[in-house]
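Everything numeric in this text was worked out from a predicted model, so none of it was measured. Below, read A as the first sequence line, B as the second, and so on, with proteins coming before strands; counting in each chain starts at 1.
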There are 2 protein chains.
Amino acid sequence: MEEREKRRAKEILSGYLAATKHRRTPERFAVLNAIYDMDGEFSIDELGNLLERKRFRVSRATLYNSIRLFLDLHLVVRHSIHNNTRYSAALQLHPRFQQICSECGRIKDVDAPKVFEALEETKLKRFHRDYVSIYAYGICSSCQGRITRRRDKKNRKIKK
Amino acid sequence: MEEREKRRAKEILSGYLAATKHRRTPERFAVLNAIYDMDGEFSIDELGNLLERKRFRVSRATLYNSIRLFLDLHLVVRHSIHNNTRYSAALQLHPRFQQICSECGRIKDVDAPKVFEALEETKLKRFHRDYVSIYAYGICSSCQGRITRRRDKKNRKIKK
DNA sequence: TTTACTGCAAATATTTTGCAATATC
DNA sequence: GATATTGCAAAATATTTGCAGTAAA
């Protein structure tokens with residue numbers, strides 16, 4: 001995630017906290033920072049681990065609380081990838097189109113000028129839009145091969 | 001969900017079961033039918049309830065087992081919607097465009113033919129797409145007024 | 001000083017698993 | 001008849017909550 005977006009994310013959080021008289025706790029900013037330092041999507045555990053490595057331990061409850069707040073602010077998106085819950089930093093200054101492999105979870109940006117153009121022209125009635133996300137879920141070609149093969153009950157979970 | 005898609009889904013399941021020597025149990029077909037009878041996305045509970053109403057009770061375990069199988073076959077997609085896990089039938093011929101109010105969480109379908117058309121024409125390289133979601137986040141006009149005022153922690157979950 | 005926020009541990013909720021009974025092949 | 005699948009209940013995970021202590025404003 002780019003620095004600019006990370007900075008913008010912190011501004012949004014700051015603004016929200018100020019506007020609603022909530023508190024600027026170090027935990028909230030540490031968690032947000034960690035999220036924007038993550039490469040791609042991550043589980044709650046992975047996020048907690050990154051924070052530990054940064055020597056900033058936060059409780060599970062705070063982790064969940066922060067994530068929920070960030071979800072509300074759309075600074076984070078919650079995904080379902082191969083039957084697991086994962087998150088990713090979400091802030092985007094421009095509409096974004098991503099393809100997500102349901103098998104390996106890999107996310108790739110798609111450039112689709114025509115789609116963005118059409119989006120631009122689409123008016124939403126009685127709705128002020130902040131931003132737009134497009135997700136294409138499917139299977140990437142490298143997973144395609146594996147997929148019809150072995151289909152046992154084990155090893156379906158992606159690593160935590 | 002259209003009948004045609006439902007039928008196709010059952011063919012895919014049949015084919016898979018035959019090919020892999022798994023069993024054609026009434027449960028599997030009942031669950032698949034129910035999924036394709038659902039209108040939009042649903043929770044495990046809602047799915048169970050629909051089945052009960054159809055007087056075809058299946059255990060929780062079977063519900064989860066079936067869903068997992070269908071996820072593998074890409075007959076179902078698992079979503080994360082506003083911090084809840086939900087599923088939907090996956091053989092959707094048309095992508096879905098939803099506007100989500102960040103304030104009240106209300107979700108409304110948007111009809112944007114131009115966008116859908118452009119999506120249709122967009123090829124994804126080395127990627128087989130199952131399902132496309134477009135989310136426009138923002139504020140609906142009925143929330144516009146309230147917006148700067150109090151923002152409590154309650155009622156953030158969408159109804160189960 | 002006030003009270004929102006944190007951590008902890010307990011409570012809930014969600015999903016998976018072990019196993020005996022059953023039904024498909 | 002052999003065994004994959006089911007339902008049930010228990011186990012394992014994941015998430016939320018209550019509360020007392022802490023710290024931001």
Side-chain angles (χ1 to χ4, degrees), chain A residues 13-32 34 42-49 51-52 56-72 76 78-87 151-160, chain B residues 13-14 16-32 34 42-49 51-52 55-73 76 78-87 150-160:
Chain A
L13 175 58
S14 285
Y16 169 77
L17 295 175
T20 58
K21 304 220 179 307
H22 286 100
R23 293 178 180 172
R24 325 182 91 252
T25 65
E27 285 80 1
R28 285 176 172 159
F29 286 88
V31 174
L32 188 59
F42 54 86
S43 65
I44 286 280
D45 269 6
E46 289 165 354
L47 180 58
N49 292 342
L51 281 158
E52 300 245 314
F56 196 109
R57 185 172 186 290
V58 298
S59 71
R60 214 110 261 262
T62 298
L63 225 40
Y64 278 108
N65 283 339
S66 307
I67 286 268
R68 158 158 286 184
L69 171 61
F70 302 158
L71 280 169
D72 282 351
V76 169
R78 185 182 191 265
H79 300 278
S80 281
I81 294 174
H82 207 243
N83 216 17
N84 283 104
T85 295
R86 299 178 70 79
Y87 302 87
R151 214 166 243 303
D152 56 345
K153 314 274 198 239
K154 275 60 182 171
N155 289 52
R156 282 197 175 151
K157 311 187 70 159
I158 62 182
K159 66 186 181 318
K160 295 277 162 127
Chain B
L13 175 58
S14 285
Y16 170 77
L17 295 175
T20 59
K21 304 218 179 307
H22 285 98
R23 293 179 181 171
R24 325 181 92 253
T25 66
E27 286 80 1
R28 284 175 172 159
F29 285 88
V31 173
L32 188 59
F42 54 87
S43 65
I44 284 281
D45 269 5
E46 288 165 356
L47 180 57
N49 292 342
L51 281 158
E52 300 244 316
R55 326 196 113 268
F56 197 108
R57 184 168 188 295
V58 298
S59 71
R60 213 110 261 263
T62 298
L63 225 39
Y64 278 108
N65 282 339
S66 307
I67 286 267
R68 159 158 284 182
L69 171 60
F70 301 158
L71 281 169
D72 281 351
L73 294 176
V76 169
R78 185 183 190 264
H79 303 275
S80 280
I81 294 176
H82 208 246
N83 214 19
N84 281 103
T85 295
R86 299 178 71 78
Y87 301 87
R150 197 197 70 265
R151 206 172 205 297
D152 58 345
K153 315 271 201 237
K154 274 60 183 172
N155 292 51
R156 281 193 178 156
K157 309 186 71 158
I158 63 181
K159 63 185 182 315
K160 296 272 166 133

Sub-4.5 Å side-chain heavy-atom contact between [X] and [Y]:
X: A:Pro26; Y: A:Phe56; answer: yes
X: A:Leu47; Y: A:Tyr87; answer: no
X: A:Leu51; Y: A:Leu63; answer: yes
X: B:Asn65; Y: B:Glu27; answer: no
X: A:Leu69; Y: A:Tyr16; answer: yes

Send over the distance from [X] [atom1] to [N] [atom2], rounded to a whole Å.
X: B:Ile44; N: C:dT15; atom1: CD1; atom2: C1'; result: 9 Å
X: B:His22; N: C:dT24; atom1: NE2; atom2: P; result: 16 Å
X: A:Arg78; N: D:dT16; atom1: CZ; atom2: C1'; result: 13 Å
X: B:Arg60; N: C:dG18; atom1: CZ; atom2: C1'; result: 19 Å
X: B:Asn65; N: C:dG18; atom1: CG; atom2: P; result: 12 Å
X: A:Leu17; N: C:dA4; atom1: CG; atom2: P; result: 14 Å
X: A:Leu63; N: C:dC5; atom1: CG; atom2: P; result: 16 Å
X: A:Phe56; N: C:dT6; atom1: CZ; atom2: C1'; result: 11 Å

Check every atom of D:dT15, D:dC8, C:dT15 against the side chain of A:Tyr87 and return the nucleotide holding the closest atom.
-> D:dT15
Nearest of C:dT14, D:dC8, D:dA4 to any side-chain atom of B:Ala61?
-> D:dC8
Report yes if at least one side-chain N or O of [X] is closer than 4.0 Å to OP1 or OP2 of [N]; otherwise report no.
X: B:Tyr64; N: C:dT15; result: yes
X: A:Arg68; N: D:dT16; result: yes
X: A:Ser59; N: C:dC8; result: no
X: A:Arg28; N: C:dC5; result: yes

Are any side-chain N or O atoms of A:Arg78 and backbone N or O atoms of A:Ile67, one a donor and one an acceptor, separated by less than 3.5 Å?
-> no
Please list, for nucleotides 19-24 of chain D, all pairs of protein and nucleotide N/O atoms separated by less than 3.5 Å.
none

Using heavy atoms to find the nearest nucleotide of DNA chain C for A:Lys21 and A:Arg57 separately, return the residue whose nucleotide is more 5′.
-> A:Lys21
What's the spacing between [X] [atom1] and [Y] [atom2] if we round to 0.5 Å?
X: A:Ile44; Y: A:Arg86; atom1: CD1; atom2: CZ; value: 11.0 Å
X: B:Arg28; Y: B:Thr62; atom1: CZ; atom2: OG1; value: 9.0 Å
X: A:Asn49; Y: A:Ser43; atom1: CG; atom2: OG; value: 7.5 Å

B:Arg60 with B:Asp45: basic N within carboxylate O range, under 4.0 Å = yes
Between the first and last five pairs of the helix from C:dT1-D:dA25 to C:dC25-D:dG1, the angle of the axes, rounded to 10 degrees | 40°
